[in-house]
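Below you'll find the structure, written out as structure tokens, and then a few comments.
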Amino acid sequence: MEGGMISVDRWGKGSQAYFLTHLHADHTRGLSSSWRRGPLYCSRVSAKLFPLKFPDFDLSSLRVLNIGSWHRLSLSSPSSGSPAEVDVMPIDALHCPGAVMFMFRGDFGHVLYTGDFRWETTGERSQKARTMLLDALNGANVDVLYLDNTYCNPAYCFPSREVAAQQVIEIIASHPEHDIIIGIDSLGKEDLLLRISHCLKTKIWVWPERLQIMHILGYPDVFTTRTSLTRVRAVPHYSFRTDTLEGLNTLRPTIGIMPSGLPWMVKPYEGKSKASETCLSVTSTSRRYNVPNGIRVDRNMRTVERVHQYIYSVPYSDHSCFPEIKDFVQLIRPSNVKGIVSMSPWYVDPLYYLSHLFRSNQRPQINSPNPESQGQAKRVQGQGKMKSKDFRGARQRAAEVNFFGVRIRRVTIMRRIHRGVKIVESHDPD
DNA sequence: GCGATCAGTT
DNA sequence: CACAACTGATCGC
């Protein structure tokens, strides 16, 4: 296999062109203000946000790529040094502001790198992205799909963000006398806040750095850093804790809302835990809301949970859930699929659940679906070529676990080490 | 001081 | 328990 020409969300030496899908920290690790490795391609929104994340970054290194347009890069083959043309098109990833997928086209065929993405089947923007993707392919086959496999497991199933936002709004509306605290990260979930603001006719407090981001993003003037103007506050996810909520409740009645694809962001309250058992009526999501064509109503569909006396967990996710990933892979029908989550010799590929959808007969990278032989393979490999630092933090138990009330075989057991890839010229899925 | 890596938190 | 995203401590230069 030849050395890489192109790196996506990886910032080591040896590539001719570097691509950034979005500005979350787990995709910019290794990037710094002292970047000297040449042009860095990203979306216009990411470019606008760049100075905030990397204050002294030399902005002349940035190359903005317009979403939906092909751009030609003149690179050279790492082996022969002969010229090699590569075309690239960014496509809306609907993950967070500025987030894009990259479609590459060249002598190697078509390679699609999703970055983190939410493949909703409803909504105007989603439809546009779908059309853009199909237009980009123009009937061609995707040779390698690098896939955001974060929730690539049938146990993960949640409603659209529109539905989840409505759930948040219902929670807030049913607590008219309460202050509301919502945990968010430095980028993402803006649409949720805008919907809340619009439906409940309220401003939303954010911390100063977040207000700066809102201004750069050009959002309407509904955000404020003045506490007195609103009862709804969005705070850094990291400072959203049970003791914070308990402390606030000694001053004023306050509830917290955690929008997340995962329901266990806070320790369960030692009493009632289901929202349906409280004053708030939140019943099965799949019964109450229409589900788009092709997405089967799943009994795993997550809904609102009251996870603590003062805290609600709402399935508002910026990553695709399993049925959406499946829809995406069925649409693309790629020859080969690789999870963006890093691999190790004993890594059990979550794409296990999708292998029947591949165009070729690529087998998922599973040592064996049998937990016992997985364990054996791990031990053998572990004594082999891996250095200890490469699997520090790895969790290696394979077991049958109770997952959202459904017994499934746990196959995703490696903690993610990094994201991002070096895209190479070979067709081979190694 | 800077970047990289690790440990720990929600 | 789980994950993504983030903070802060520590290490090496």
Side-chain angles (χ1 to χ4, degrees), chain A residues 9-13 21-37 53-57 95-96 99 115-118 148-158 181-189 207 209-210 235-246 256-269 300 302 305 307-308 310-313 315-322 339-342 348 350 387-420:
Chain A
D9 293 349
R10 284 187 74 170
W11 314 103
K13 276 183 250 186
T21 61
H22 65 289
L23 277 167
H24 278 154
D26 51 336
H27 292 256
T28 57
R29 195 159 302 132
L31 250 185
S32 73
S33 294
S34 56
W35 175 258
R36 294 286 179 275
R37 295 205 216 282
K53 299 275 178 181
F54 303 101
D56 300 322
F57 193 92
H95 172 65
C96 72
D116 289 351
F117 80 128
R118 178 84 200 252
D148 171 15
N149 54 325
T150 303
Y151 295 129
C152 193
N153 182 313
Y156 294 115
C157 184
F158 20 79
I181 300 288
I182 303 171
I184 60 170
D185 287 320
S186 67
L187 209 52
K189 307 209 161 62
W207 65 102
E209 294 83 354
R210 201 55 157 99
V235 306
H237 172 195
Y238 200 69
S239 65
F240 183 107
R241 298 192 314 266
T242 51
D243 57 324
T244 315
L245 265 295
E246 282 157 8
I257 299 174
M258 272 309 308
S260 169
L262 289 153
W264 43 74
M265 303 304 289
V266 288
K267 278 185 288 183
Y269 175 52
N300 297 338
R302 269 198 57 216
E305 279 182 63
V307 294
H308 176 272
Y310 303 124
I311 298 174
Y312 293 86
S313 169
Y316 187 104
S317 172
D318 284 330
H319 291 270
S320 305
C321 62
F322 182 77
I340 287 172
V341 178
S342 73
V348 183
K387 295 190 184 91
S388 65
K389 74 182 173 83
D390 293 328
F391 53 85
R392 191 172 301 149
R395 300 189 175 93
Q396 299 181 44
R397 281 169 301 127
E400 191 134 345
V401 294
N402 199 316
F403 219 67
F404 300 111
V406 179
R407 291 191 77 77
I408 59 145
R409 210 170 282 278
R410 185 199 297 180
V411 295
T412 336
I413 46 180
M414 278 296 291
R415 169 180 163 181
R416 64 178 50 195
I417 297 166
H418 66 260
R419 291 172 173 273

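All values below were derived from every heavy atom in this structure, side-chain atoms included, with hydrogens, water molecules and symmetry-related copies excluded. Within every chain, numbering begins at 1; the chains are lettered A, B, ... in the order of the sequence lines, protein sequences first and strands thereafter.
Per the geometry, CZ belonging to A:Phe240 stands 17 Å off P belonging to C:dA5, to the nearest Å. Nucleotide C:dC3 holds its P atom 13 Å from the CZ atom of A:Phe158, rounded to whole Å. Atoms NZ (A:Lys189) and P (C:dC6) sit 10 Å apart, rounded to a whole Å. Rounded to whole angstrom, the span from the CZ atom of A:Phe322 across to the C1' atom of C:dA2 amounts to 17 Å. If you measure from atom CG of A:Asp26 to atom C1' of B:dC6, you get 16 Å, rounded to the nearest angstrom. For the pair A:Tyr238 OH and B:dG8 P, the interatomic distance rounds to 11 Å; values are reported in whole Å. The CD1-P distance, from A:Ile340 to C:dC3, rounds to 16 Å in whole Å. Per the geometry, CE belonging to A:Met258 stands 11 Å off C1' belonging to C:dC3, to the nearest Å.
Of the listed nucleotides (C:dC6, C:dC3, C:dA5), C:dC6 has the atom at the smallest distance from the side chain of A:Ala25. Side-chain proximity of A:Ser186 to the nucleotides C:dA5, B:dG3, C:dC6 is greatest for C:dC6. Checking B:dT10, C:dA5, C:dC3 against every side-chain atom of A:Leu262, the shortest atom distance belongs to C:dC3.
Taking 4.5 Å as the limit, every side-chain heavy atom of A:Ser317 sits out of range of all side-chain heavy atoms of A:Arg302. With a 4.5 Å cut-off on side-chain heavy atoms, A:Phe240 and A:Ile311 count as touching.
Closest of all the heavy-atom pairs between A:Asp116 and A:His95 is O-CB, 3.3 Å.
A:His237 has no side-chain polar atom (N or O) that falls below the 4.0 Å cut-off from OP1 or OP2 of C:dT7. Taking 4.0 angstrom as the limit, A:Thr150 places none of its side-chain polar atoms (N or O) nearer than this to OP1 or OP2 of C:dC3. Contact check, A:Ser260 against B:dT10: no side-chain N or O comes under 4.0 Å of OP1 or OP2. Distances shorter than 4.0 Å separate some side-chain N or O of A:Ser34 from OP1 or OP2 on B:dG3.
Put simply, the side chain of A:Asp56 never gets that close to the backbone of A:Ser34: no donor and acceptor are under 3.5 Å apart. Between the A:Asp148 side chain and the A:Phe117 main chain, a donor and an acceptor come within less than 3.5 Å of each other.
The residue A:His95 sits close only to the backbone: its heavy atoms come under 4.0 Å of sugar-phosphate atoms, none of a base. Nucleic acid contact class of A:Ser239 (heavy atoms, under 4.0 Å, all strands): none.
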